[in-house]
Amino acid sequence: MNAPQSPADRDDIAAGLSEEVKARYRNLPRPPKFDTPAQERLHRKQRLAAAFRLFSKFGFDEGVAGHITARDPEFTDTFWVNPFGVHFSQVKASNLIRCDHHGNVVEGDYPVNAAAFAIHSRVHQTRDDAVAAAHSHSTHGRAWSTLGRKLDPLTQDVCAFYNDHALYDDFGGVVVELDEGQRIANALGPNKAVILQNHGLLTVGKTVDEAAWWFITMERSCQVQILAESAAARTGEAPKTISDAAARQACSIVGTAQAGWFQFQPLYARIVKEQPDLLD
């Protein structure tokens, strides 16, 4: 199917920016290009391993729950994912597994998490543009998900999700069935993220870097809104929201695929320096 267009990628979002400002952002670094699928595969696997190490460092792990996937650049009906039962802090490029859309492990020595298969296979099938998808049981994402609400434009950072995230409000238990995964993919729609009620967050991107960054900043945005609303309950002053026009302008800068990829680069450099074995 054709990839739906995310609101942050539409021309009208950026229409209010001057040509000078647009030019500055066009000149920012962009994701690399590759000569062979093998080169691109290694790149995606290394970024995937780095994302897991960062998720561990940020405390996004919860036992064996959580998964980040990357579509294989050659065998596009398969995706790379973390080995089931291996802690995020011990994931490296060499122990990732490749899974097909039928739940079979076609490369690697570990089993696949049934929920990872059920959710991510449907997301990757439904969204041609989603090279990567990230889902974990992070603390603030789970807490916010229990409210059954989308995030408000309270800060510049959360404007990355302005009119570009959805709510899945039909929690049906642990996701091990494909029809539940498809309902999640349908709820995600063309957006970069979906809040899974009573479950947590899921983000997608055109690169592993982008999907991982959206998850990181969305988790923090949930934390910020929880803190803001808690403070409001004590003071009686409601949090001040950003206007629609300002939120659209902010989204056109901080909410693009390029911005998501670029935000991840310093984190990648940091974790590789600290934990170079992830590249093994």
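Residue numbers run from 1 in the order of the sequence given. Scope of the values below: all heavy atoms of this structure, side chains included, with no hydrogens, waters or symmetry mates.
L167 places none of its side-chain heavy atoms less than 4.5 Å from the side chain of V194. Looking only at side-chain heavy atoms (C-beta outward), K57 and R270 come within less than 4.5 Å of each other. Within the 4.5 Å cutoff, the side chain of V105 has heavy atoms near those of the I97 side chain. For the pair H120/V81, no side-chain contact is recorded, criterion being any heavy-atom separation below 4.5 Å from C-beta on. Two residues are said to be in side-chain contact when any heavy atoms from C-beta on lie closer than 4.5 Å; I184 and R122 fail this criterion. Counting heavy atoms from C-beta on, the side chains of L54 and F264 come closer than 4.5 Å. Side-chain contact between F262 and R30 is absent, with no heavy-atom pair separated by less than 4.5 Å. Between V131 and R44, some side-chain heavy-atom pair lies under the 4.5 Å cut-off.
Side chain to side chain, Q182 and T126 meet the donor-acceptor criterion of an N or O pair below 3.5 Å.
One distance of note links OH of Y268 with NZ of K273; it measures 15.0 Å at 0.5 Å rounding.
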Validation: residues 212-220 side-chain donor-acceptor distances under 3.5 Å, sequence neighbours left out:
unit_1 : atom_1 : unit_2 : atom_2 : d
W214   : NE1    : E210   : OE2    : 2.8
E219   : OE1    : S138   : OG     : 2.5
E219   : OE1    : G141   : N      : 2.7
E219   : OE2    : H140   : N      : 2.9
E219   : OE2    : H140   : ND1    : 3.0

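By the 4.0 Å N-to-carboxylate-O rule, D152 lies too far from K240 to be salt-bridged with it. D209 has a carboxylate O that lies under 4.0 Å from a charged side-chain N of R47, or vice versa, which qualifies the two as a salt bridge.
Of all heavy-atom pairs spanning A247 and I242, the tightest one is N-CG2, 3.6 Å.
Take T203 and apply the side-chain hydrogen bond (donor to acceptor under 3.5 Å, both in side chains) test, not counting sequence neighbours, and it matches no residue. Every residue was checked against the side-chain hydrogen bond (donor to acceptor under 3.5 Å, both in side chains) condition with Q223, not counting sequence neighbours, and none meets it. Residues that satisfy the side chain to side chain contact (heavy atoms under 4.5 Å, CB included) test with P276, not counting sequence neighbours, are absent from this structure.
Between H101 and F79, the two ring planes are tilted [angle within 30° to 60°]. The aromatic rings of F161 and H165 stand perpendicular to each other, their planes meeting at an angle above 60°, with 30° marking the opposite boundary.
Sorted by first then second residue, the salt bridge (Lys or Arg N to Asp or Glu O under 4.0 Å) pairs that include residues 76-102, not counting sequence neighbours, are R98-E107.
Checked against the 6.0 Å centroid criterion, the rings of H199 and H135 qualify as a close aromatic pair.
The other members of the hydrophobic cluster of V64, by chain and number, are F84 (side-chain heavy atoms under 4.5 Å, ILVMFWY only).
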